[in-house]
Amino acid sequence: MVLALLRERDMHTYEMARLLRQRRDDRLISITNGTLYHTVSRLNEQGLLAEVGTDREGNRPERTTYTLTSAGADAVGDWVRRELGRLDHPARFRVAVAEAHNLDRAEVIALLEQRRALVQEDLAHHEEGIASAAERRIPEQYILEITRQRMLLQADLDWLDQLLPRLGDPAFAWGADPDHCLAERKAHE
């Protein structure tokens, strides 16, 4: 998410934290100043972002401004691609959905269709297990987690079935640049 923020513009760590909290991204990831400063330092060491200057406002501490490197931009796309079509990391999927706008619309649709197929397959597997448990008269108390997961998979499938057609519509704004989104919509009208 830090790298994705820098796709918008250069900024210092304090501004990153403020934007993440303002956008309520703290419901997806834990945002503490110490962790964020450590993350930025690690990303800088890995060459995914770079220092572009320092500034000071009044008697506040000096702040280092960072920019996204081309390797960092590639890392954002690679990470979102890797996580968007998977089922095995629900928390990462939530972040990938939040950052999906960093990929091309057609690619996101393809990745979500891949996820949809996996969800459908997993849902069928859970339904078979529940039916088998019922045939064997296994008390429901022993399959509570399975029935919960079945409901979550159904909700995910319903969400994908609702989203995918809308996402394919050019009137659905897409991309990191709002002006580009507006121009794309007007071009398709």
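Predicted model only: the values in this text are computed from it and were never measured. Just so you know, residue 1 is the first one in the sequence shown, and it goes up from there.
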*From CD1 (Ile130) to CD (Glu140), nearest 0.5 Å*: 9.0 Å

*Ion pair present between Arg86 and Glu83, side-chain N to carboxylate O less than 4.0 angstrom?*
yes

*Quick check: does any side chain N or O of Arg105 sit under 3.5 Å from a backbone N or O of Phe172, one acting as donor and the other as acceptor?*
yes

*Side chains of Tyr142 and Pro139: does their closest heavy-atom pair fall under 4.5 Å?*
yes

*Drop me the distance from Leu5's CG to Arg18's CZ, to the nearest 0.5 angstrom.*
10.5 Å

*Report the distance from atom OG1 of Thr13 to atom CG of Leu49, rounding to the nearest 0.5 Å.*
8.5 Å

*Kindly say whether Glu121 contributes a backbone atom to a donor-acceptor pair with the side chain of His125 at under 3.5 angstrom?*
no

*Answer yes or no: is there a side-chain heavy-atom contact under 4.5 Å between Met151 and Thr147?*
no

*So, Thr39 side chain and Thr35 main chain: donor-acceptor pair closer than 3.5 Å or not?*
yes

_Student check: side-chain heavy atoms of Arg94 and Val97 closer than 4.5 Å_ = no

*Would you say the side chain of Gln154 lies within less than 4.5 Å of the side chain of Val119, judging by non-hydrogen atoms?*
no

*Distance (rounded to the nearest 0.5 Å) between Arg7 CZ and Glu99 CD*: 9.0 Å

*Could you pull out the closest heavy-atom pair between Ala71 and Gly47, with the gap in Å?*
CB-O, 4.0 Å

*Side-chain heavy atoms under 4.5 angstrom apart, residues restricted to Ile, Leu, Val, Met, Phe, Trp, Tyr: same cluster for Leu111 and Trp159?*
yes

*Gap between atom NE2 of His38 and atom CZ of Arg42 - 0.5 Å precision*: 6.0 Å

_If you compare all heavy atoms of Asn102 against all heavy atoms of Ala4, which two are closest, and at what distance to 0.1 Å?_
ND2-CB, 3.8 Å

*More than 12 non-hydrogen atoms from neighbouring residues, nucleotides or ligands closer than 6.0 Å to CD on Glu113, yes or no?*
yes

*Same cluster (ILVMFWY, side-chain, under 4.5 Å), Leu68 and Leu19*: yes

*Report yes if the side chains of Leu28 and Met1 come closer than 4.5 Å at any heavy-atom pair, otherwise no.*
yes

*Shared hydrophobic cluster, Leu152 / Leu84 (ILVMFWY, side-chain heavy atoms < 4.5 Å)*: no

*asked:* So does Arg24 get a backbone contact from the side chain of Arg27, meaning a donor-acceptor N/O pair under 3.5 Å?
replied: yes

_For a salt bridge (Lys or Arg N to Asp or Glu O under 4.0 Å) check, start with the C-alpha distance between Arg63 and Glu51, then their side-chain angles and the critical distance, and finish with the verdict._
CA-CA 10 Å; Arg63 294 184 178 157; Glu51 296 179 14; over 6 Å; no

_Within the 4.5 Å heavy-atom criterion, are Glu128 and Ser132 side-chain neighbours or not?_
no

*Ion pair Arg81/Asp78, N-O distance below 4.0 Å*: yes

*With respect to Tyr66, which candidate in Leu3, Asp10, Asn44, Leu43 satisfies the side-chain contact (heavy atoms from CB on, under 4.5 Å) definition?*
Asn44

_Tell me every residue that passes side-chain contact (heavy atoms from CB on, under 4.5 Å) with Glu135, counting only those two or more places apart in sequence or in another chain._
none

*Close side-chain approach of Glu15 and Arg9, heavy atoms under 4.5 Å*: yes

_Hydrophobic cluster identity match, Ile146 and Leu123, side-chain contacts under 4.5 Å_ = no

*asked:* Looking at Leu103, is its backbone amide N or carbonyl O close enough to the side chain of Trp174 to form a donor-acceptor pair, meaning the two atoms are under 3.5 Å apart?
replied: yes

*Taking all atoms of both residues into account, what is the closest heavy-atom pair of Leu118 and Gly85, and its distance?*
CD1-O, 3.1 Å

*Hey, does the side chain of Thr67 reach the backbone of Ala50 with a donor-acceptor pair shorter than 3.5 angstrom?*
no

_Leu6-Val52 co-clustered via ILVMFWY side chain contacts under 4.5 Å_ = no

*Tyr14 and His12 aromatic ring geometry - parallel, tilted or perpendicular at 30°/60° bounds*: parallel

*Give the minimum heavy-atom separation between Ala75 and Leu48, together with the two atoms involved.*
CB-CD2, 4.2 Å

_Spatial distance of atom OG1 (Thr64) from atom CG (Asp55) [nearest 0.5 Å]_ = 8.5 Å

*asked:* Show every salt bridge (charged side-chain N to carboxylate O under 4.0 Å, His left out) that has at least one partner inside residues 141-159, sequence neighbours left out.
replied: Arg115-Asp156, Glu127-Arg150

*Tell me, do Met16 and Leu36 make a side-chain contact under 4.5 Å, heavy atoms counted?*
yes

